[in-house]
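Throughout, protein chains are lettered first and strands after them, A, B, ... in sequence-line order, and every chain is numbered starting at 1.
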Number of protein chains: 2
Amino acid sequence: MPKLVANDIAAVLKKRISSGEWLEDGRMPPERDLAVEFGVARNTVRRAVGFLEDDGTVVRHVGRGTFLTATNPDSIAATVARMEGTSPADMMEIRQLLEPAAAAFAATNASMAELNAVREAHQTACEAEDMPNFEHWDAEFHHRVFACCRNDFLKEIHNLMRTIRNQSPWFEMKKRSFSEERRQTYCSEHQTILDALLHRDPESANQAMLAHLKTVERNLLGR
Amino acid sequence: MPKLVANDIAAVLKKRISSGEWLEDGRMPPERDLAVEFGVARNTVRRAVGFLEDDGTVVRHVGRGTFLTATNPDSIAATVARMEGTSPADMMEIRQLLEPAAAAFAATNASMAELNAVREAHQTACEAEDMPNFEHWDAEFHHRVFACCRNDFLKEIHNLMRTIRNQSPWFEMKKRSFSEERRQTYCSEHQTILDALLHRDPESANQAMLAHLKTVERNLLGR
DNA sequence: TTTATCTGATCCAATATTGAACCAATAATA
DNA sequence: TATTATTGGTTCAATATTGGATCAGATAAA
């Protein structure tokens with residue numbers, strides 16, 4: 001049904017490889033088997049595997065098979081690749097660890113200009129009409145809170161989480177869970193967080209952020 | 001009822017692009033599909049996409065499709081590159097956020113086999129003679145605590161931190177701060193953590209880990 | 001009216017996928 | 001050792017998908 005099947009298959013294969021599949025003997029299934037599995041012509045699989053070969057994740061030998069090139073599992077690249085498969089539940093758990101702390105840092109560390117940027121994102125999100133637009137400014141609100149805390153590493157971790165959450169399965173999930181009522185809930189919770197930041201109250205900011213994330217988790221995971 | 005014209009469609013498409021849609025493989029749906037989705041003639045979609053092409057947000061290839069030019073500005077690679085420069089102070093701050101939580105998770109979630117692995121790392125570290133050897137098993141102890149918590153994402157974050165801390169400036173720093181006395185302190189603190197884990201006591205595990213990290217921070221940063 | 005836009009349709013050109021056949025290198029087996 | 005089976009490499013023609021282009025008619029605004 002969809003076009004550019006080869007690209008999609010290449011993406012799926014990369015995902016599987018980075019999630020540790022075929023690691024025990026480092027050998028991928030024969031192209032003919034993959035073609036059957038994906039319900040696609042062998043030529044298409046060959047194209048897909050060709051992409052993997054081009055960027056060096058795999059080498060092919062006639063008569064022997066296709067083999068994963070040895071990759072150091074401790075490398076930063078490999079770690080990040082595994083992170084991309086993070087489940088929503090795991091992600092929400094970690095957000096509840098990090099974001100309240102970030103909000104508390106922000107309450108004590110943020111400059112007035114930075115807090116204004118947070119407020120601006122909040123207001124734009126409140127006025128957003130459609131879901132993608134709201135989604136964008138909602139993410140921007142959280143991002144700007146992190147931008148105020150003076151810990152660069154924390155900021156970068158949040159960047160990572162944000163990138164992961166921008167990928168398509170997440171997008172679909174957020175789309176399903178979106179409703180006008182929930183949008184208004186989020187806006188009022190953001191307001192509470194913003195107020196705490198403006199009052200320079202770390203404890204309140206922490207708690208407001210935690211409460212907000214619990215709401216998001218409930219809506220997103222349905223529990 | 002405003003009629004959907006090319007300009008409006010172009011605006012909607014831009015919004016959706018900036019909200020992260022189609023970012024995973026950078027490919028937009030075919031014009032024919034968009035026409036159906038918007039309930040509009042393909043010519044109109046073509047005009048709209050033409051606008052996007054004019055201001056460079058998109059490129060089109062006959063037979064292949066329409067592709068976003070703006071690859072994620074905050075690419076993962078750039079994020080990771082910035083992470084490598086993380087300062088010890090920032091890192092210790094985040095460790096104090098994450099590791100106590102990980103220890104608490106581990107207390108409730110770990111299997112007996114996993115706890116045995118933690119104990120083994122602890123004992124080997126205690127018996128280590130030289131600094132590099134101790135350092136290795138110390139890191140392994142913390143790593144195995146993370147391995148017990150059932151959150152893959154948290155585990156991978158720790159992998160990241162561990163990789164960063166293994167780089168040379170960090171190693172020099174740890175070498176300077178090392179002493180036999182401190183090694184014994186660490187061992188006894190590890191023992192406290194391990195005991196809490198074995199007693200399946202999340203709160204104690206949390207606090208023991210936090211206390212340990214504060215000791216490490218004091219020794220490493222000299223404050 | 002004039003102008004611009006949208007519609008619905010048709011055809012073209014570039015690229016992708018399919019399905020098949022056959023080759024060459026390697027592995028497994030008799 | 002000789003034979004057979006497996007596996008990647010190559011090529012080809014047919015079909016499908018996708019953007020490019022054009023045209024006649026309808027609709028709406030200046």
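Both tests do not hold together for A:Arg176 against A:Phe178: distance to the six-membered ring centre under 6.0 Å, angle to the ring axis within 45°.
The list of salt bridge (Lys or Arg N to Asp or Glu O under 4.0 Å) pairs with a residue in residues 95-105 of chain B, not counting sequence neighbours, reads B:Arg95-B:Glu99. Every pair passing side chain to side chain donor-acceptor pair (under 3.5 Å) that includes a residue from residues 120-136 of chain B is listed here, sequence neighbours excluded: B:His122-B:Gln191.
Taking 4.0 angstrom as the limit, A:Thr44 places none of its side-chain polar atoms (N or O) nearer than this to OP1 or OP2 of C:dA16. Using a 4.0 Å cut-off, no side-chain N or O of A:Arg42 falls inside it from OP1 or OP2 of C:dT18.
Partners of A:Phe105 under the side-chain contact (heavy atoms from CB on, under 4.5 Å) rule, at least two apart in sequence or in another chain, are A:Asn109, A:Cys149, A:Leu154, B:Glu93. Residues forming a salt bridge (Lys or Arg N to Asp or Glu O under 4.0 Å) with A:Glu180 (at least two apart in sequence, or on another chain): A:Arg183. Take A:Leu23 and apply the side-chain contact (heavy atoms from CB on, under 4.5 Å) test, not counting sequence neighbours, and it matches no residue. With sequence neighbours left out, B:Arg162 forms a salt bridge (Lys or Arg N to Asp or Glu O under 4.0 Å) with B:Glu140. Residues meeting the salt bridge (Lys or Arg N to Asp or Glu O under 4.0 Å) test with A:Asp152, sequence neighbours left out: A:Lys155. The salt bridge (Lys or Arg N to Asp or Glu O under 4.0 Å) search around A:Arg60 returns A:Glu31, A:Glu53, not counting sequence neighbours.
Judged by distance alone, with hydrogens and angles left aside, the side-chain atoms of B:Arg47 form no donor-acceptor pair with the main-chain N or O of B:Ala6 at under 3.5 Å.
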Between the protein and nucleotides 23-30 of chain C, which nitrogen or oxygen pairs come in under 3.5 angstrom?
from, atom 1, to, atom 2, distance (Å)
C:dA27, OP1, A:Arg64, NE, 3.2

Can you give me the N/O atom pairs linking the protein to nucleotides 22-25 of chain D at distances under 3.5 Å, or say none if there are none?
from, atom 1, to, atom 2, distance (Å)
D:dT22, O4, B:Asn43, OD1, 3.2
D:dT22, O4, B:Asn43, ND2, 3.4

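Remark: B:Lys15 does not engage B:Glu21 in a salt bridge, criterion side-chain N to carboxylate O under 4.0 Å.
Closest to the side chain of A:Pro30, from the set D:dG19, C:dA16, D:dT7, is D:dT7.
Axis orientation changes by 20° from one end of the helix from C:dT1-D:dA30 to C:dA30-D:dT1 to the other, with each end axis drawn from 5 pairs and the value rounded to 10°.
Nearest-nucleotide positions on DNA chain D for B:Arg46 and A:Thr66 put A:Thr66 closer to the 5' end.
A heavy atom closer than 4.0 Å to some atom of DNA chain C occurs in no member of residues 49-58 of chain B.
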